Every structure is written in structure tokens, then in C-alpha cells.
Amino acid sequence: ISLLIPPEAIPRGKIYEIYLTVQRKEDLRLPLAGCQTLLSPIVSCGPPGVVLSRPVILSMDHCFDACLDNWAVRLKKQNYEGAWEDVLLMGEELVSEPYYCQLEAETCRLFTEQLGTFALVGESLHMGAAKRLRLVLFSDAYCSTLEYNIRVYCMDDTQDVFKVPEVLERGPSDGAL
């Protein structure tokens with residue numbers, strides 16, 4: 001993930017401490033309806049309510065084929081009360097809206113003047129829709145016998161899932177994914 005703040009986006013005379021973080025799925029639940037699936041990490045940038053005079057560019061990975069003919073992709077934002085709202089349907093954005101997304105093969109660039117917590121959620125439109133997943137395997141580094149215990153995880157194909165290996169190593173019974 002990255003956040004590009006262009007010159008003069010923060011009004012003269014104002015000073016903000018800006019943060020950017022990936023939320024762990026266990027810590028921040030995103031309610032999904034029907035056949036919806038999470039297609040990106042849940043990303044927070046803020047502080048919320050900051051007044052910007054130009055759009056910033058929030059970049060985040062996604063794990064779906066970027067053909068919008070196969071997907072109905074929505075940008076969701078968490079409001080001040082903690083509820084999630086649909087703020088944009090990809091492919092139907094207007095320049096006059098406060099959000100605009102540029103979709104690339106593995107990245108989404110969100111142009112916005114409003115900071116907050118965001119995620120991409122999708123619903124497949126037909127059988128041609130594909131979501132990229134990775135199988136991640138863990139085992140002990142050394143074993144005195146020829147019997148190995150291997151743990152296999154099926155995870156979204158985004159870089160954020162590999163930034164917390166200690167969570168995966170604890171195992172499912174210890175609160176891992």
C-alpha cells in the first residue's frame with residue numbers, strides 16, 4: 001500500500017499527522033452480503049475528517065482479474081459510526097464524485113479528498129470471474145524423524161498477507177487466519 005500526497009493537498013498553515021495502515025481481518029470485520037468477497041486488504045489512512053484541497057492517491061493491491069465485465073466491484077468506506085457504506089461502483093464513477101478508482105492488473109489507485117478506511121468488495125457476475133489465491137505452506141525447520149507436520153493456508157494473493165508471518169506461524173488454534 002502507499003499514499004501519495006501531492007503538493008498543496010494540505011492547505012497552507014495546516015499541519016496533520018497522516019497515518020497509513022493495513023487492518024488485520026480479525027480486528028476489523030467487514031460485513032459481506034450474499035456472494036460478496038473481499039478483493040483487497042482493508043486499508044486505513046487518516047486522520048478522518050482532514051480537509052484536503054487536492055486528491056491524494058491511495059494505492060492497494062487486489063486479487064481479482066481486473067476485467068469489470070466479470071465482476072461487480074464496490075469501494076466500501078467505513079463511516080464515523082463504524083458502519084460500512086458503498087461509496088463507488090467501479091466502472092460507473094463520475095469525475096464529479098469524491099472518489100475515483102484507476103484499476104490495474106494487481107493494483108487499485110484510489111483518488112480521494114476524504115481519508116478513512118477503505119476496501120474493495122466484489123461479486124462475480126458469471127463463471128468467468130477469477131480471484132487469485134496463494135497456497136502457503138509451513139513446517140518445522142528441523143525434524144528428528146521423517147514425519148513432518150505441514151500446515152497449509154489458502155490466502156488472497158495480495159502482499160499484505162505476507163507481512164504478518166508470526167500470525168500464520170502461531171496456527172489456527174492461536175488466533176491465526
Side-chain angles (χ1 to χ4, degrees), residues 1-33 36-66 68 71-122 131-132 134 136 155-170 175-177:
I1 64 170
S2 67
L3 181 65
L4 175 66
I5 303 172
E8 301 178 16
I10 297 175
R12 291 195 186 279
K14 297 283 186 180
I15 297 174
Y16 299 121
E17 283 190 34
I18 304 291
Y19 63 84
L20 177 64
T21 186
V22 174
Q23 301 291 335
R24 291 181 16 172
K25 293 175 188 171
E26 305 84 44
D27 297 338
L28 190 62
R29 294 284 178 206
L30 173 65
L32 300 173
Q36 290 181 333
T37 184
L38 185 62
L39 299 173
S40 73
I42 300 171
V43 177
S44 293
C45 57
V50 165
V51 177
L52 300 170
S53 54
R54 296 181 68 190
V56 296
I57 304 170
L58 173 63
S59 298
M60 58 185 159
D61 290 349
H62 65 75
C63 61
F64 68 102
D65 65 348
L68 293 179
W71 288 94
V73 179
R74 294 179 178 357
L75 175 68
K76 290 192 174 268
K77 181 180 181 192
Q78 191 175 37
N79 65 23
Y80 295 112
E81 292 82 35
W84 287 88
E85 304 172 328
D86 291 346
V87 293
L88 178 70
L89 177 61
M90 298 280 249
E92 295 186 7
E93 47 287 77
L94 301 172
V95 179
S96 60
E97 291 183 0
Y99 306 99
Y100 175 78
C101 285
Q102 177 185 4
L103 199 57
E104 297 175 6
E106 296 180 3
T107 305
C108 174
R109 299 197 195 305
L110 170 62
F111 295 73
T112 181
E113 292 180 13
Q114 300 177 7
L115 304 180
T117 301
F118 300 94
L120 293 177
V121 171
K131 182 176 176 180
R132 292 184 317 274
R134 283 193 184 185
V136 181
M155 307 173 76
D156 292 345
D157 187 14
T158 56
Q159 292 299 315
D160 66 292
V161 298
F162 297 104
K163 300 298 183 197
V164 286
E166 68 278 359
V167 173
L168 293 175
E169 280 298 298
R170 287 189 305 211
L177 300 176

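All heavy atoms count here, side chains included; hydrogens, waters and symmetry mates do not. Throughout, residue positions are numbered sequentially from 1 according to the sequence presented. Being a predicted model, the structure only gives us computed values, none of them experimental.
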Criterion side chain to side chain donor-acceptor pair (under 3.5 Å) on Tyr99 and Gln114, from CA distance to verdict: CA-CA 8 Å; Tyr99 306 99; Gln114 300 177 7; 2.7 Å; yes

Carefully, step by step, assess Cys101 and Leu75 under the rule side-chain contact (heavy atoms from CB on, under 4.5 Å). CA-CA 9 Å; Cys101 285; Leu75 175 68; 4.3 Å; yes

Do Leu88 and Arg74 pass the side-chain contact (heavy atoms from CB on, under 4.5 Å) test, and can you show the C-alpha distance, the side-chain angles, and the key distance before you say yes or no? CA-CA 6 Å; Leu88 178 70; Arg74 294 179 178 357; over 6 Å; no

Criterion side-chain contact (heavy atoms from CB on, under 4.5 Å) on Asp157 and Met155, from CA distance to verdict: CA-CA 6 Å; Asp157 187 14; Met155 307 173 76; over 6 Å; no

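Contact annotation: the side chain of Leu58 never approaches that of Val56 to less than 4.5 Å [non-hydrogen atoms, C-beta and beyond]. Between Ser40 and Thr158 there is no side-chain heavy-atom pair separated by less than 4.5 Å. The shortest side-chain heavy-atom distance between Thr112 and Pro55 does not fall under the 4.5 Å cut-off. Side-chain contact check for Leu38 versus Val121: some heavy-atom pair is nearer than 4.5 Å. Residues Tyr16 and Ile5 fail the side-chain proximity criterion, which asks for heavy atoms closer than 4.5 Å. The shortest side-chain heavy-atom distance between Asp61 and Glu106 does not fall under the 4.5 Å cut-off. Side-chain atoms of Cys45 and Tyr19, non-hydrogen and from C-beta on, never get closer than 4.5 Å to each other. Annotation: side chain of Val51 is not in contact with side chain of Glu113 (no heavy-atom distance under 4.5 Å).
Separating the CD atom in Gln102 from the CD1 atom in Ile57 is a distance of 8.0 Å, to the nearest 0.5 Å. Atom CG of residue Asp156 and atom SG of residue Cys63 lie 4.0 Å apart, to the nearest 0.5 angstrom. To the nearest 0.5 Å, atom CD of residue Gln78 and atom OG of residue Ser44 are 7.0 Å apart. Rounded to the nearest 0.5 Å, atoms CG (Leu39) and CE (Met90) are 9.0 Å apart. Note that the CG atom of Leu115 and the CG atom of Leu3 stand 7.0 Å from one another [nearest 0.5 Å]. The CZ atom of Phe118 sits 12.0 Å away from the CD1 atom of Ile1 when rounded to the nearest 0.5 Å.
For the residue pair Asn79 / Trp84, no side-chain donor-acceptor distance below 3.5 Å is found, with atom types taken as modelled. With no hydrogens or angles considered, no side-chain donor-acceptor pair links Lys77 and Thr117 at under 3.5 Å.
The neighbour count for Glu104 CD, taken as heavy atoms of other residues, nucleotides or ligands under 6.0 Å away, is above 12.
At least one donor-acceptor pair under 3.5 Å links the side chain of Ser53 to the backbone N or O of Glu8. Arg132 places a side-chain N or O within 3.5 Å of a backbone atom of His62 that can act as its donor or acceptor partner. When atom types are taken as modelled, the side chain of Arg54 and the backbone of Pro7 share a donor-acceptor pair closer than 3.5 angstrom.
None of Leu120, Leu103, Leu89 except one satisfies the side-chain contact (heavy atoms from CB on, under 4.5 Å) rule with Val73; the exception is Leu120.
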